[in-house]
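Order of the sequence lines fixes the chain letters, A, B, ..., with proteins taken first and strands second; residue numbering starts at 1 for each chain.
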Amino acid sequence: MNISMLKVIQPKLGAGQIINLAPILASQIHTSTPLCRVVSGKYRITKKRDRPLTYEMANPPHFIAHRKSWNSWNTSSLKDGLRRSETAVEDEFIRRFMTGTWHGLVCSEVIIKRQFNHIRVAAIIRRAVSPTKMYFLLGYTEELLSNWIQCPVTLELQTVDSFQDVVFKYI
Amino acid sequence: MSVFIKYNKPGSIGNIFNVQVLWRFNSTTAETMRKEEDEEFRVLDIMKKRDRQQKRTARKINIQPDRADRMPTDQNWGNVWPGPKTFHPSSVPLPIRQGYVPKGQAPPGKKANAELMKIPNFLHLTPPAIKTQCEAIKKYCTEWPKLLNSEDAIEKHYPVEVITSDYCHASPTIRNPLARIVNLRVKLSTLNLDKHAKDKFLRLVGDCYDEKTDFVTFVSDRCPMRKQNLDYVNYLLTACYHESWNVEDWEKEKCEDDMEYYIWDNNASKKSLVNWHLRCNNQEINLTDDEYKNYDISGISNASGYKEAVSSLMNDGENEDTVKNYGSAVRKLLGLPERKLTQC
(Lines give C-alpha, C1' and ligand atoms only; values in the text may rest on other atoms or scores of the structure.)
Protein backbone atom coordinates (compact mmCIF):
# COMPACT_ATOMS: atom_id res chain seq x y z
CA MET A 1 0.00 0.00 0.00
CA ASN A 2 1.70 3.07 -1.18
CA ILE A 3 -0.03 6.35 -0.83
CA SER A 4 1.29 8.71 -3.38
CA MET A 5 1.35 12.09 -1.80
CA LEU A 6 2.47 14.02 -4.82
CA LYS A 7 1.04 13.12 -8.14
CA VAL A 8 2.75 13.64 -11.41
CA ILE A 9 1.41 16.85 -12.77
CA GLN A 10 0.79 16.61 -16.46
CA PRO A 11 1.30 19.97 -18.15
CA LYS A 12 -1.75 20.80 -20.18
CA LEU A 13 -0.94 21.23 -23.80
CA GLY A 14 -2.39 24.25 -25.43
CA ALA A 15 -2.77 24.64 -29.17
CA GLY A 16 0.30 26.71 -29.75
CA GLN A 17 2.15 25.79 -26.58
CA ILE A 18 5.69 24.54 -26.69
CA ILE A 19 5.72 20.88 -25.75
CA ASN A 20 7.39 20.47 -22.40
CA LEU A 21 7.31 16.86 -21.30
CA ALA A 22 10.22 16.75 -18.90
CA PRO A 23 9.53 14.02 -16.32
CA ILE A 24 8.43 15.40 -12.98
CA LEU A 25 9.68 13.29 -10.14
CA ALA A 26 7.04 12.07 -7.72
CA SER A 27 7.95 11.15 -4.18
CA GLN A 28 5.88 8.58 -2.40
CA ILE A 29 5.47 7.69 1.23
CA HIS A 30 5.50 3.95 1.91
CA THR A 31 3.17 3.02 4.72
CA SER A 32 3.68 -0.75 4.54
CA THR A 33 6.21 -2.59 6.65
CA PRO A 34 9.58 -2.96 4.95
CA LEU A 35 10.28 -6.32 3.41
CA CYS A 36 13.98 -6.42 4.34
CA ARG A 37 14.47 -9.40 2.10
CA VAL A 38 18.22 -9.43 2.55
CA VAL A 39 18.40 -9.51 6.31
CA SER A 40 15.09 -10.88 7.57
CA GLY A 41 15.23 -14.38 9.03
CA LYS A 42 19.03 -14.43 8.93
CA TYR A 43 21.53 -14.20 11.77
CA ARG A 44 24.75 -12.24 11.77
CA ILE A 45 28.04 -13.82 12.58
CA THR A 46 29.46 -12.71 15.91
CA LYS A 47 33.06 -11.83 16.50
CA LYS A 48 33.70 -14.70 18.85
CA ARG A 49 31.67 -17.12 16.77
CA ASP A 50 29.67 -18.10 19.82
CA ARG A 51 26.07 -17.42 18.82
CA PRO A 52 24.18 -20.72 19.09
CA LEU A 53 21.84 -21.53 16.21
CA THR A 54 19.31 -24.31 15.91
CA TYR A 55 18.88 -26.10 12.61
CA GLU A 56 15.84 -23.95 11.93
CA MET A 57 17.77 -20.73 12.50
CA ALA A 58 20.83 -21.91 10.61
CA ASN A 59 18.89 -22.16 7.35
CA PRO A 60 17.62 -18.83 6.00
CA PRO A 61 14.05 -18.49 4.70
CA HIS A 62 14.85 -19.17 1.07
CA PHE A 63 15.79 -22.75 2.02
CA ILE A 64 12.23 -23.51 3.13
CA ALA A 65 11.10 -26.60 1.22
CA HIS A 66 14.74 -27.33 0.30
CA ARG A 67 16.59 -27.81 3.57
CA LYS A 68 13.88 -27.18 6.11
CA SER A 69 10.12 -27.47 6.02
CA TRP A 70 7.30 -25.24 7.13
CA ASN A 71 6.30 -24.60 10.72
CA SER A 72 2.60 -24.44 9.87
CA TRP A 73 0.96 -27.26 7.99
CA ASN A 74 -2.56 -26.61 6.76
CA THR A 75 -4.64 -26.53 3.63
CA SER A 76 -5.57 -22.87 3.63
CA SER A 77 -2.58 -21.93 1.49
CA LEU A 78 -3.62 -24.30 -1.29
CA LYS A 79 -5.54 -23.04 -4.30
CA ASP A 80 -9.07 -22.08 -3.28
CA GLY A 81 -8.13 -22.70 0.34
CA LEU A 82 -10.54 -21.51 3.00
CA ARG A 83 -9.87 -19.33 6.06
CA ARG A 84 -6.48 -18.03 5.04
CA SER A 85 -6.26 -15.03 7.31
CA GLU A 86 -8.03 -16.73 10.21
CA THR A 87 -5.59 -19.62 10.10
CA ALA A 88 -2.58 -17.33 10.05
CA VAL A 89 -3.84 -15.28 12.97
CA GLU A 90 -4.73 -18.37 14.99
CA ASP A 91 -1.30 -19.86 14.36
CA GLU A 92 0.39 -16.70 15.55
CA PHE A 93 -1.82 -16.71 18.63
CA ILE A 94 -0.97 -20.34 19.39
CA ARG A 95 2.75 -19.59 19.00
CA ARG A 96 2.61 -16.66 21.38
CA PHE A 97 0.52 -18.54 23.88
CA MET A 98 2.89 -21.50 23.82
CA THR A 99 6.05 -19.45 24.28
CA GLY A 100 4.39 -17.48 27.07
CA THR A 101 2.93 -20.45 28.88
CA TRP A 102 6.05 -22.58 28.60
CA HIS A 103 8.13 -19.59 29.49
CA GLY A 104 11.80 -20.03 28.68
CA LEU A 105 11.25 -23.71 28.03
CA VAL A 106 10.51 -23.86 24.32
CA CYS A 107 13.78 -24.70 22.56
CA SER A 108 12.51 -24.86 19.00
CA GLU A 109 9.92 -23.25 16.81
CA VAL A 110 6.33 -24.15 17.63
CA ILE A 111 5.11 -26.47 14.89
CA ILE A 112 1.38 -26.34 14.15
CA LYS A 113 -0.14 -29.08 12.05
CA ARG A 114 -3.83 -29.09 11.22
CA GLN A 115 -5.68 -32.20 10.19
CA PHE A 116 -9.39 -31.75 9.60
CA ASN A 117 -10.50 -29.81 12.67
CA HIS A 118 -7.70 -31.21 14.81
CA ILE A 119 -4.71 -29.01 15.66
CA ARG A 120 -1.45 -30.69 16.62
CA VAL A 121 1.06 -28.44 18.31
CA ALA A 122 4.57 -29.82 18.49
CA ALA A 123 7.61 -28.33 20.18
CA ILE A 124 10.86 -29.25 21.87
CA ILE A 125 10.76 -28.40 25.57
CA ARG A 126 13.60 -28.04 28.06
CA ARG A 127 13.36 -30.29 31.13
CA ALA A 128 13.77 -27.41 33.59
CA VAL A 129 10.55 -27.86 35.53
CA SER A 130 9.30 -30.89 37.38
CA PRO A 131 7.22 -33.46 35.48
CA THR A 132 4.21 -32.58 37.61
CA LYS A 133 4.35 -28.99 36.47
CA MET A 134 4.86 -30.10 32.92
CA TYR A 135 1.76 -32.26 33.02
CA PHE A 136 -0.19 -29.36 34.45
CA LEU A 137 1.02 -27.00 31.74
CA LEU A 138 0.20 -29.60 29.09
CA GLY A 139 -3.41 -29.96 30.19
CA TYR A 140 -3.75 -26.23 30.81
CA THR A 141 -2.52 -25.34 27.32
CA GLU A 142 -4.65 -27.93 25.58
CA GLU A 143 -7.76 -26.97 27.50
CA LEU A 144 -7.44 -23.24 27.02
CA LEU A 145 -6.46 -23.41 23.36
CA SER A 146 -9.26 -25.80 22.48
CA ASN A 147 -11.71 -23.51 24.27
CA TRP A 148 -10.56 -20.48 22.36
CA ILE A 149 -10.18 -22.01 18.94
CA GLN A 150 -13.17 -24.32 19.40
CA CYS A 151 -11.53 -27.46 18.07
CA PRO A 152 -9.48 -30.25 19.64
CA VAL A 153 -5.87 -29.30 20.29
CA THR A 154 -3.17 -31.86 21.05
CA LEU A 155 0.25 -30.99 22.37
CA GLU A 156 2.95 -33.37 21.21
CA LEU A 157 6.11 -32.41 23.00
CA GLN A 158 9.61 -33.72 22.99
CA THR A 159 11.88 -32.91 25.93
CA VAL A 160 15.59 -32.25 25.98
CA ASP A 161 18.00 -31.72 28.84
CA SER A 162 19.10 -28.24 27.92
CA PHE A 163 19.19 -25.82 25.05
CA GLN A 164 22.61 -27.21 24.14
CA ASP A 165 20.90 -30.30 22.70
CA VAL A 166 19.14 -28.39 19.93
CA VAL A 167 22.13 -26.26 18.96
CA PHE A 168 23.15 -27.05 15.41
CA LYS A 169 26.11 -24.74 15.03
CA TYR A 170 27.73 -21.59 16.37
CA ILE A 171 28.30 -18.55 14.24
CA MET B 1 29.12 -2.54 83.56
CA SER B 2 29.68 -5.34 81.12
CA VAL B 3 25.97 -5.45 80.51
CA PHE B 4 25.91 -2.03 78.97
CA ILE B 5 28.90 -2.63 76.81
CA LYS B 6 27.24 -5.65 75.31
CA TYR B 7 24.07 -3.79 74.76
CA ASN B 8 25.73 -1.14 72.66
CA LYS B 9 27.57 -3.59 70.49
CA PRO B 10 27.02 -2.77 66.81
CA GLY B 11 24.90 -5.18 64.82
CA SER B 12 22.89 -6.43 67.79
CA ILE B 13 20.43 -3.75 68.62
CA GLY B 14 18.26 -5.04 71.37
CA ASN B 15 17.30 -8.43 70.10
CA ILE B 16 15.96 -11.21 72.21
CA PHE B 17 19.25 -12.99 72.54
CA ASN B 18 20.90 -10.08 74.32
CA VAL B 19 18.00 -9.62 76.64
CA GLN B 20 18.35 -13.21 77.72
CA VAL B 21 22.04 -12.70 78.31
CA LEU B 22 21.19 -9.66 80.35
CA TRP B 23 18.84 -11.61 82.44
CA ARG B 24 21.33 -14.45 82.93
CA PHE B 25 24.00 -12.05 83.94
CA ASN B 26 21.87 -11.03 86.80
CA SER B 27 21.51 -14.60 87.98
CA THR B 28 24.95 -16.13 87.47
CA THR B 29 28.04 -14.10 86.70
CA ALA B 30 30.40 -16.97 85.93
CA GLU B 31 28.26 -18.42 83.10
CA THR B 32 27.92 -15.11 81.33
CA MET B 33 31.61 -14.57 81.31
CA ARG B 34 32.18 -17.86 79.49
CA LYS B 35 29.45 -17.09 76.96
CA GLU B 36 31.02 -13.78 76.10
CA GLU B 37 34.23 -15.46 75.08
CA ASP B 38 32.45 -17.75 72.56
CA GLU B 39 30.46 -14.99 70.96
CA GLU B 40 31.86 -13.67 67.64
CA PHE B 41 31.36 -10.30 66.23
CA ARG B 42 28.90 -10.44 63.39
CA VAL B 43 30.21 -9.73 59.94
CA LEU B 44 28.30 -7.32 57.84
CA ASP B 45 27.61 -9.23 54.65
CA ILE B 46 26.82 -6.55 52.14
CA MET B 47 27.18 -8.65 48.99
CA LYS B 48 25.17 -11.47 50.63
CA LYS B 49 27.61 -14.08 49.46
CA ARG B 50 26.39 -16.58 51.99
CA ASP B 51 22.77 -16.36 50.79
CA ARG B 52 23.74 -16.72 47.22
CA GLN B 53 25.50 -19.96 47.94
CA GLN B 54 22.37 -21.28 49.49
CA LYS B 55 20.46 -21.04 46.17
CA ARG B 56 18.92 -24.37 45.40
CA THR B 57 20.64 -26.40 42.76
CA ALA B 58 18.56 -27.73 39.87
CA ARG B 59 16.98 -30.97 40.87
CA LYS B 60 18.18 -33.87 38.82
CA ILE B 61 15.07 -35.44 37.35
CA ASN B 62 15.20 -39.15 37.09
CA ILE B 63 14.80 -39.82 33.38
CA GLN B 64 13.72 -43.19 32.19
CA PRO B 65 15.78 -44.79 29.44
CA ASP B 66 14.32 -44.67 25.96
CA ARG B 67 11.35 -46.85 25.26
CA ALA B 68 12.87 -47.69 21.89
CA ASP B 69 15.85 -49.37 23.54
CA ARG B 70 13.70 -51.82 25.45
CA MET B 71 11.43 -52.87 22.60
CA PRO B 72 11.44 -56.53 21.62
CA THR B 73 12.04 -57.21 17.95
CA ASP B 74 8.82 -59.20 17.52
CA GLN B 75 6.45 -56.64 19.03
CA ASN B 76 3.21 -55.52 17.43
CA TRP B 77 4.07 -52.11 15.98
CA GLY B 78 0.41 -51.18 15.60
CA ASN B 79 0.10 -51.11 19.40
CA VAL B 80 3.13 -48.86 19.78
CA TRP B 81 1.96 -46.34 17.17
CA PRO B 82 -1.82 -46.77 16.85
CA GLY B 83 -2.74 -43.46 15.24
CA PRO B 84 -1.32 -40.42 13.51
CA LYS B 85 1.11 -38.66 15.80
CA THR B 86 4.06 -36.32 15.65
CA PHE B 87 7.38 -38.11 15.47
CA HIS B 88 8.79 -38.97 18.87
CA PRO B 89 12.37 -40.29 18.99
CA SER B 90 12.01 -42.40 22.11
CA SER B 91 9.20 -44.48 20.62
CA VAL B 92 10.71 -45.15 17.22
CA PRO B 93 13.48 -47.75 17.24
CA LEU B 94 14.93 -46.65 13.92
CA PRO B 95 18.26 -44.87 13.41
CA ILE B 96 16.72 -41.97 11.50
CA ARG B 97 18.59 -38.83 10.55
CA GLN B 98 17.36 -35.72 8.81
CA GLY B 99 18.86 -32.40 7.89
CA TYR B 100 21.19 -30.78 5.42
CA VAL B 101 24.85 -30.63 6.42
CA PRO B 102 28.03 -29.81 4.54
CA LYS B 103 29.71 -32.68 2.77
CA GLY B 104 31.46 -35.13 5.02
CA GLN B 105 29.29 -34.58 8.10
CA ALA B 106 26.49 -36.73 9.41
CA PRO B 107 23.01 -35.18 9.38
CA PRO B 108 21.39 -34.47 12.77
CA GLY B 109 20.07 -37.54 14.56
CA LYS B 110 16.51 -38.28 15.56
CA LYS B 111 16.71 -36.72 19.04
CA ALA B 112 15.83 -33.05 19.38
CA ASN B 113 15.33 -32.87 15.62
CA ALA B 114 12.52 -30.46 14.83
CA GLU B 115 12.59 -31.33 11.13
CA LEU B 116 11.44 -34.86 11.89
CA MET B 117 8.60 -33.48 13.98
CA LYS B 118 7.44 -31.21 11.18
CA ILE B 119 7.00 -33.70 8.39
CA PRO B 120 3.85 -35.83 8.39
CA ASN B 121 4.75 -39.44 9.07
CA PHE B 122 2.99 -42.63 8.13
CA LEU B 123 4.26 -44.77 10.99
CA HIS B 124 0.65 -45.66 11.84
CA LEU B 125 0.05 -46.92 8.29
CA THR B 126 2.39 -49.88 8.13
CA PRO B 127 1.15 -52.71 5.88
CA PRO B 128 0.23 -55.01 8.81
CA ALA B 129 -1.69 -52.19 10.50
CA ILE B 130 -3.64 -51.48 7.31
CA LYS B 131 -4.34 -55.17 6.94
CA THR B 132 -5.74 -55.51 10.46
CA GLN B 133 -7.87 -52.40 10.04
CA CYS B 134 -9.25 -53.67 6.75
CA GLU B 135 -10.04 -57.00 8.39
CA ALA B 136 -11.85 -55.17 11.17
CA ILE B 137 -14.15 -53.21 8.84
CA LYS B 138 -14.71 -56.07 6.42
CA LYS B 139 -17.82 -57.19 8.28
CA TYR B 140 -19.57 -53.96 7.35
CA CYS B 141 -19.02 -54.49 3.62
CA THR B 142 -21.51 -56.17 1.29
CA GLU B 143 -20.63 -58.34 -1.65
CA TRP B 144 -20.33 -56.75 -5.09
CA PRO B 145 -23.22 -57.80 -7.36
CA LYS B 146 -22.05 -60.58 -9.66
CA LEU B 147 -23.88 -59.39 -12.76
CA LEU B 148 -22.22 -56.00 -12.62
CA ASN B 149 -18.88 -57.46 -13.59
CA SER B 150 -17.90 -55.04 -16.32
CA GLU B 151 -18.07 -51.36 -17.18
CA ASP B 152 -20.59 -52.07 -19.92
CA ALA B 153 -22.91 -53.90 -17.56
CA ILE B 154 -22.77 -51.07 -15.04
CA GLU B 155 -23.44 -48.56 -17.80
CA LYS B 156 -26.37 -50.57 -19.06
CA HIS B 157 -28.10 -51.05 -15.71
CA TYR B 158 -27.21 -47.70 -14.20
CA PRO B 159 -27.14 -45.21 -17.07
CA VAL B 160 -27.49 -42.12 -14.87
CA GLU B 161 -24.25 -40.87 -13.34
CA VAL B 162 -24.19 -38.39 -10.48
CA ILE B 163 -20.88 -36.66 -9.88
CA THR B 164 -20.25 -34.68 -6.71
CA SER B 165 -17.06 -33.57 -5.01
CA ASP B 166 -16.14 -33.89 -1.34
CA TYR B 167 -13.55 -31.54 0.05
CA CYS B 168 -11.17 -32.51 2.78
CA HIS B 169 -9.35 -29.62 4.39
CA ALA B 170 -7.88 -28.49 7.67
CA SER B 171 -10.18 -26.02 9.36
CA PRO B 172 -12.59 -26.00 12.28
CA THR B 173 -15.54 -26.39 9.92
CA ILE B 174 -15.99 -29.37 7.64
CA ARG B 175 -18.30 -27.52 5.24
CA ASN B 176 -17.11 -26.37 1.86
CA PRO B 177 -19.46 -24.39 -0.37
CA LEU B 178 -18.11 -26.15 -3.45
CA ALA B 179 -19.42 -29.48 -2.22
CA ARG B 180 -22.98 -28.42 -3.08
CA ILE B 181 -22.41 -28.66 -6.86
CA VAL B 182 -24.03 -31.71 -8.44
CA ASN B 183 -23.40 -33.01 -11.96
CA LEU B 184 -25.87 -35.45 -13.43
CA ARG B 185 -25.08 -36.99 -16.79
CA VAL B 186 -26.76 -39.58 -18.92
CA LYS B 187 -26.14 -40.86 -22.40
CA LEU B 188 -28.76 -39.70 -24.84
CA SER B 189 -28.85 -43.12 -26.50
CA THR B 190 -30.00 -44.74 -23.23
CA LEU B 191 -33.10 -42.56 -23.05
CA ASN B 192 -36.23 -43.93 -24.63
CA LEU B 193 -36.99 -41.24 -27.22
CA ASP B 194 -38.47 -41.30 -30.70
CA LYS B 195 -37.52 -39.01 -33.54
CA HIS B 196 -39.73 -36.13 -32.53
CA ALA B 197 -39.03 -36.49 -28.82
CA LYS B 198 -35.28 -36.62 -29.37
CA ASP B 199 -35.40 -33.48 -31.46
CA LYS B 200 -37.45 -31.70 -28.84
CA PHE B 201 -35.25 -32.99 -26.01
CA LEU B 202 -32.14 -31.64 -27.69
CA ARG B 203 -33.83 -28.30 -28.23
CA LEU B 204 -34.85 -28.21 -24.55
CA VAL B 205 -31.44 -29.08 -23.09
CA GLY B 206 -29.51 -26.83 -25.46
CA ASP B 207 -25.83 -26.59 -24.50
CA CYS B 208 -26.07 -29.42 -21.97
CA TYR B 209 -25.71 -31.97 -24.77
CA ASP B 210 -22.27 -32.90 -26.01
CA GLU B 211 -22.36 -34.43 -29.50
CA LYS B 212 -18.92 -35.99 -29.28
CA THR B 213 -19.53 -38.04 -26.17
CA ASP B 214 -23.33 -38.31 -26.49
CA PHE B 215 -23.67 -37.17 -22.87
CA VAL B 216 -26.42 -34.92 -21.58
CA THR B 217 -25.04 -33.15 -18.49
CA PHE B 218 -27.05 -31.20 -15.97
CA VAL B 219 -25.08 -29.10 -13.51
CA SER B 220 -26.69 -27.39 -10.56
CA ASP B 221 -25.16 -25.08 -7.99
CA ARG B 222 -28.09 -22.80 -7.35
CA CYS B 223 -29.25 -24.32 -4.07
CA PRO B 224 -27.19 -24.10 -0.87
CA MET B 225 -27.21 -27.84 -0.07
CA ARG B 226 -26.18 -30.84 -2.11
CA LYS B 227 -29.43 -32.68 -1.47
CA GLN B 228 -31.45 -29.82 -2.89
CA ASN B 229 -29.23 -29.62 -5.95
CA LEU B 230 -29.50 -33.36 -6.49
CA ASP B 231 -33.28 -33.12 -6.32
CA TYR B 232 -33.18 -30.25 -8.75
CA VAL B 233 -31.10 -32.04 -11.42
CA ASN B 234 -33.33 -35.10 -11.10
CA TYR B 235 -36.32 -32.86 -11.62
CA LEU B 236 -34.66 -31.28 -14.65
CA LEU B 237 -34.04 -34.66 -16.28
CA THR B 238 -37.57 -35.88 -15.56
CA ALA B 239 -39.21 -32.68 -16.74
CA CYS B 240 -37.19 -32.52 -19.97
CA TYR B 241 -37.89 -36.16 -20.74
CA HIS B 242 -41.65 -35.96 -20.29
CA GLU B 243 -41.93 -32.59 -21.95
CA SER B 244 -40.13 -33.91 -25.01
CA TRP B 245 -42.81 -36.58 -25.42
CA ASN B 246 -45.59 -33.99 -25.38
CA VAL B 247 -46.72 -32.79 -28.77
CA GLU B 248 -48.17 -29.31 -28.70
CA ASP B 249 -50.56 -27.95 -31.31
CA TRP B 250 -48.13 -25.37 -32.59
CA GLU B 251 -45.55 -28.03 -33.35
CA LYS B 252 -47.52 -29.02 -36.45
CA GLU B 253 -46.69 -25.65 -37.93
CA LYS B 254 -43.06 -26.63 -38.25
CA CYS B 255 -42.05 -25.93 -41.85
CA GLU B 256 -38.97 -26.76 -43.88
CA ASP B 257 -37.09 -23.69 -42.64
CA ASP B 258 -37.37 -24.89 -39.02
CA MET B 259 -35.84 -28.29 -39.72
CA GLU B 260 -32.70 -28.97 -37.79
CA TYR B 261 -31.28 -31.12 -40.60
CA TYR B 262 -31.96 -31.84 -44.29
CA ILE B 263 -34.44 -34.57 -45.09
CA TRP B 264 -34.28 -35.38 -48.76
CA ASP B 265 -37.79 -36.88 -48.91
CA ASN B 266 -39.41 -33.58 -47.91
CA ASN B 267 -37.46 -31.37 -50.22
CA ALA B 268 -37.64 -30.03 -53.72
CA SER B 269 -34.78 -32.26 -54.85
CA LYS B 270 -36.97 -35.35 -54.62
CA LYS B 271 -39.83 -33.59 -56.30
CA SER B 272 -37.72 -32.70 -59.31
CA LEU B 273 -36.23 -36.21 -59.42
CA VAL B 274 -39.70 -37.77 -59.43
CA ASN B 275 -40.90 -35.31 -62.05
CA TRP B 276 -37.89 -36.05 -64.20
CA HIS B 277 -38.49 -39.80 -63.83
CA LEU B 278 -42.16 -39.55 -64.69
CA ARG B 279 -41.46 -37.33 -67.68
CA CYS B 280 -38.88 -39.80 -68.99
CA ASN B 281 -41.51 -42.54 -68.81
CA ASN B 282 -44.15 -40.29 -70.39
CA GLN B 283 -46.47 -40.43 -67.38
CA GLU B 284 -48.89 -37.94 -65.98
CA ILE B 285 -47.53 -35.48 -63.44
CA ASN B 286 -50.28 -34.71 -60.97
CA LEU B 287 -49.06 -35.77 -57.54
CA THR B 288 -49.87 -34.19 -54.20
CA ASP B 289 -47.17 -33.27 -51.67
CA ASP B 290 -47.78 -36.41 -49.62
CA GLU B 291 -47.53 -38.55 -52.71
CA TYR B 292 -44.20 -36.94 -53.56
CA LYS B 293 -42.96 -37.59 -50.03
CA ASN B 294 -43.99 -41.22 -50.05
CA TYR B 295 -42.95 -41.94 -53.64
CA ASP B 296 -40.89 -45.13 -53.80
CA ILE B 297 -37.59 -44.29 -55.46
CA SER B 298 -36.34 -47.88 -55.58
CA GLY B 299 -37.83 -48.05 -59.09
CA ILE B 300 -35.42 -45.38 -60.33
CA SER B 301 -31.95 -46.72 -60.98
CA ASN B 302 -29.13 -45.12 -58.94
CA ALA B 303 -31.64 -42.89 -57.11
CA SER B 304 -30.64 -44.10 -53.64
CA GLY B 305 -27.02 -43.09 -54.29
CA TYR B 306 -28.21 -39.68 -55.41
CA LYS B 307 -30.30 -39.33 -52.27
CA GLU B 308 -27.33 -40.15 -50.06
CA ALA B 309 -25.09 -37.75 -51.92
CA VAL B 310 -27.54 -34.85 -51.71
CA SER B 311 -28.26 -35.49 -48.02
CA SER B 312 -24.59 -35.61 -47.12
CA LEU B 313 -23.90 -32.49 -49.16
CA MET B 314 -26.62 -30.58 -47.33
CA ASN B 315 -26.03 -31.98 -43.84
CA ASP B 316 -22.23 -32.21 -43.70
CA GLY B 317 -21.58 -29.05 -45.67
CA GLU B 318 -19.63 -28.50 -48.84
CA ASN B 319 -16.23 -30.05 -48.98
CA GLU B 320 -14.18 -31.87 -51.57
CA ASP B 321 -15.56 -35.32 -50.79
CA THR B 322 -19.23 -34.43 -50.70
CA VAL B 323 -19.06 -32.38 -53.86
CA LYS B 324 -17.19 -35.18 -55.67
CA ASN B 325 -19.74 -37.70 -54.43
CA TYR B 326 -22.56 -35.52 -55.59
CA GLY B 327 -21.00 -35.16 -59.02
CA SER B 328 -20.50 -38.89 -59.54
CA ALA B 329 -24.02 -39.63 -58.22
CA VAL B 330 -25.54 -37.22 -60.74
CA ARG B 331 -23.48 -38.76 -63.55
CA LYS B 332 -24.70 -42.23 -62.56
CA LEU B 333 -28.29 -41.08 -62.34
CA LEU B 334 -28.28 -39.45 -65.72
CA GLY B 335 -26.26 -42.29 -67.29
CA LEU B 336 -23.30 -40.11 -68.19
CA PRO B 337 -19.77 -41.55 -68.38
CA GLU B 338 -17.44 -41.31 -65.38
CA ARG B 339 -15.21 -38.32 -65.24
CA LYS B 340 -11.80 -39.24 -66.52
CA LEU B 341 -8.89 -38.82 -64.14
CA THR B 342 -6.73 -37.22 -66.81
CA GLN B 343 -9.12 -34.35 -67.08
CA CYS B 344 -8.63 -33.40 -63.48
How about [X]: does its [atom1] atom have over 12 heavy atoms from other parts shown lying under 6.0 Å from it?
X: B:L147; atom1: CG; result: no
X: B:H157; atom1: NE2; result: yes
X: B:Q75; atom1: CD; result: yes
X: A:R37; atom1: CZ; result: no
X: B:K110; atom1: NZ; result: yes
X: A:F93; atom1: CZ; result: yes
X: A:E143; atom1: CD; result: no
X: A:R84; atom1: CZ; result: yes

Gap between atom [atom2] of [Y] and atom [atom1] of [X] - 0.5 Å precision:
X: A:T159; Y: B:K111; atom1: OG1; atom2: NZ; answer: 9.0 Å
X: B:Y167; Y: A:D80; atom1: OH; atom2: CG; answer: 8.0 Å
X: A:K68; Y: B:Y100; atom1: NZ; atom2: OH; answer: 14.5 Å
X: A:I124; Y: B:N113; atom1: CD1; atom2: CG; answer: 7.0 Å
X: B:K85; Y: A:R120; atom1: NZ; atom2: CZ; answer: 9.5 Å
X: A:K169; Y: B:Q105; atom1: NZ; atom2: CD; answer: 9.0 Å

Proximal component of [X], with respect to chain B [non-hydrogen, under 4.5 Å]:
X: A:E56; result: side chain
X: A:I112; result: neither
X: A:F63; result: neither
X: A:Y55; result: side chain
X: A:A58; result: neither
X: A:S76; result: neither
X: A:R67; result: both

Side-chain contact test, heavy atoms from C-beta onward, threshold under 4.5 Å: evaluate it for [X] versus [Y] and give yes or no.
X: B:K118; Y: A:W70; answer: no
X: A:S108; Y: B:M117; answer: no
X: A:E156; Y: B:H88; answer: no
X: A:K113; Y: B:P120; answer: no

Search all heavy atoms of [X] against all heavy atoms of [Y] and return the closest pair with its distance.
X: A:W73; Y: B:I119; result: CZ2-CA, 4.2 Å
X: B:A112; Y: A:V160; result: CB-CG1, 3.5 Å
X: B:T86; Y: A:A122; result: CG2-CB, 3.8 Å

- Among A:L78, A:L82, A:D165, A:L157, single out the residue with the greatest number of heavy-atom pairs under 4.5 Å to chain B.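 Ranked by heavy-atom pairs under 4.5 Å with chain B, first place is A:L82.
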- Message: Please rank A:V166, A:T75, A:N117 by heavy-atom pairs under 4.5 Å with chain B and give me the top one.
- Response: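 Most pairs with chain B among the choices: A:T75.
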- Check each atom of B:P172 against the heavy atoms of chain A and say whether the ones under 4.5 Å are side chain, backbone, both or neither.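 Its backbone and side chain both get close to chain A.
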- Partner chain A: residue of B:N176, B:L178, B:T173 with the largest heavy-atom pair count (under 4.5 Å):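 It is B:N176.
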- Residue pair A:R114, B:S171: steps toward the side chain to side chain contact (heavy atoms under 4.5 Å, CB included) verdict: CA-CA 7 Å; A:R114 289 162 182 261; B:S171 86; 5.9 Å; no
